[in-house]
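Working notes, structure below.
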Amino acid sequence: MARKKFLMGNWKMNHTIAEANAFCEDVKDASLVKLARNKGVMLGVAPTFLSLTAVKKHAHGLIVSAQDVHYADHGAYTSNISIPMLKEIDVNWSIIGHSEKRTYEGETSFTCNRKIKAMVANDMHAIYCVGETAAQYDAGITKDVIREQVVTGLQGLTKDQMAYIVLAYEPVWSIGTGKNASVEIAQDICSYIRGLINELFGKVASQKVQILYGGSVKPNNIHDYLQAEDVDGALVGGASLKSASFKELLENI
Ligand code: 13P
């Protein structure tokens, strides 16, 4: 089954509103949305909460995603943002479970599951991140870690709700380090994840679900990843920040 390719830039805690606007101007000038459409690639960025409105306004046609969302509609959860708040500004996507949330802020697969369930119940798309640390990789337990993250994170979803889920395999040791995983590793784990989706939700869901690789993806290596059978796209940090490099990533798919 042909799955659409997907390039998503995760800006993390980068870009002021002014910088985000400048990026959007460049995207417009370079007709990147049109290029993506012609190539059949889904193209998006995940700015900070603060820049979401500006990017929504200035980058027509780009998928605009939050980097996290809370599972509750409202309430005493200082510093958080809710699904209705995102929907009010027409943001229908969020990254969930990024390793930086897991490492620095105690995010667990269980809390990811609460968020994902709330999102799909509200017609929101989740880009659910999974990945092992260097120590787990060295201990040879990568697949056990991924299994726990996938099984717990997606628990209770129906086959139909899987249409709202994109998975991203991001080995923690490859993020921001320049030590990108080999294409063989990326393919092996993305194929393993697809097998898990088959086990949990059946063949149709497993063939439809998009699985991205993330971790030191650059314009000079993105093409190789996207040749791998089970890698449907890339979740890119550093190389998505500058519009010129974002353009090159897209061109090289
Ligand atoms: P880098 O592309 O900077 O390694 O970051 C990857 C990432 O964490 C995307 O979510």
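Read the numbers this way: they start at 1 and go in the same order the structure lists the ligands and their atoms. These values consider heavy atoms only, across backbone and side chains, with no hydrogens, waters or symmetry-generated copies.
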task = Mind checking whether N10 contacts ligand 1 via backbone (N, CA, C, O), side chain (CB onward), both or neither, at a 4.0 Å heavy-atom cut-off?
result = side chain
Polar contact flag, side-chain donor to acceptor under 3.5 angstrom, N38-K34 = no
Please check whether [X] reaches ligand 1 - meaning an N/O of the residue sits under 3.5 Å from an N/O of the ligand, judged on distance alone.
X: S216; answer: yes
X: G238; answer: yes
X: G176; answer: yes
X: G215; answer: no
X: E100; answer: no

Test: [X] and [Y] ion pair at under 4.0 Å:
X: R102; Y: E170; answer: no
X: D232; Y: R194; answer: yes
X: D26; Y: K247; answer: no

inquiry  = Let me confirm one number: the CD1-OH distance from I211 to Y169, rounded to the nearest 0.5 Å.
reply    = 12.0 Å
request  = Compute the centroid of each ring, for F246 and then for F23, and state whether the two points are separated by less than 6.0 Å.
outcome  = yes
ask   = Below 4.0 Å from any atom of ligand 1, is there a heavy atom belonging to K12?
value = yes
query = Just going by heavy-atom distances, which of Q67, E170, M8 is nearest to atom 7 (C) of ligand 1?
reply = E170
task = Sorted by first residue and then second, give each ring-ring contact (aromatic ring centres under 6.0 Å, His included) pair with at least one member in residues 29-74; sequence neighbours left out.
result = H70-Y77
key: atom 2 (O) of ligand 1: the protein heavy-atom neighbour that sits closest, reported with distance to 0.1 Å   = G237 N, 2.8 Å
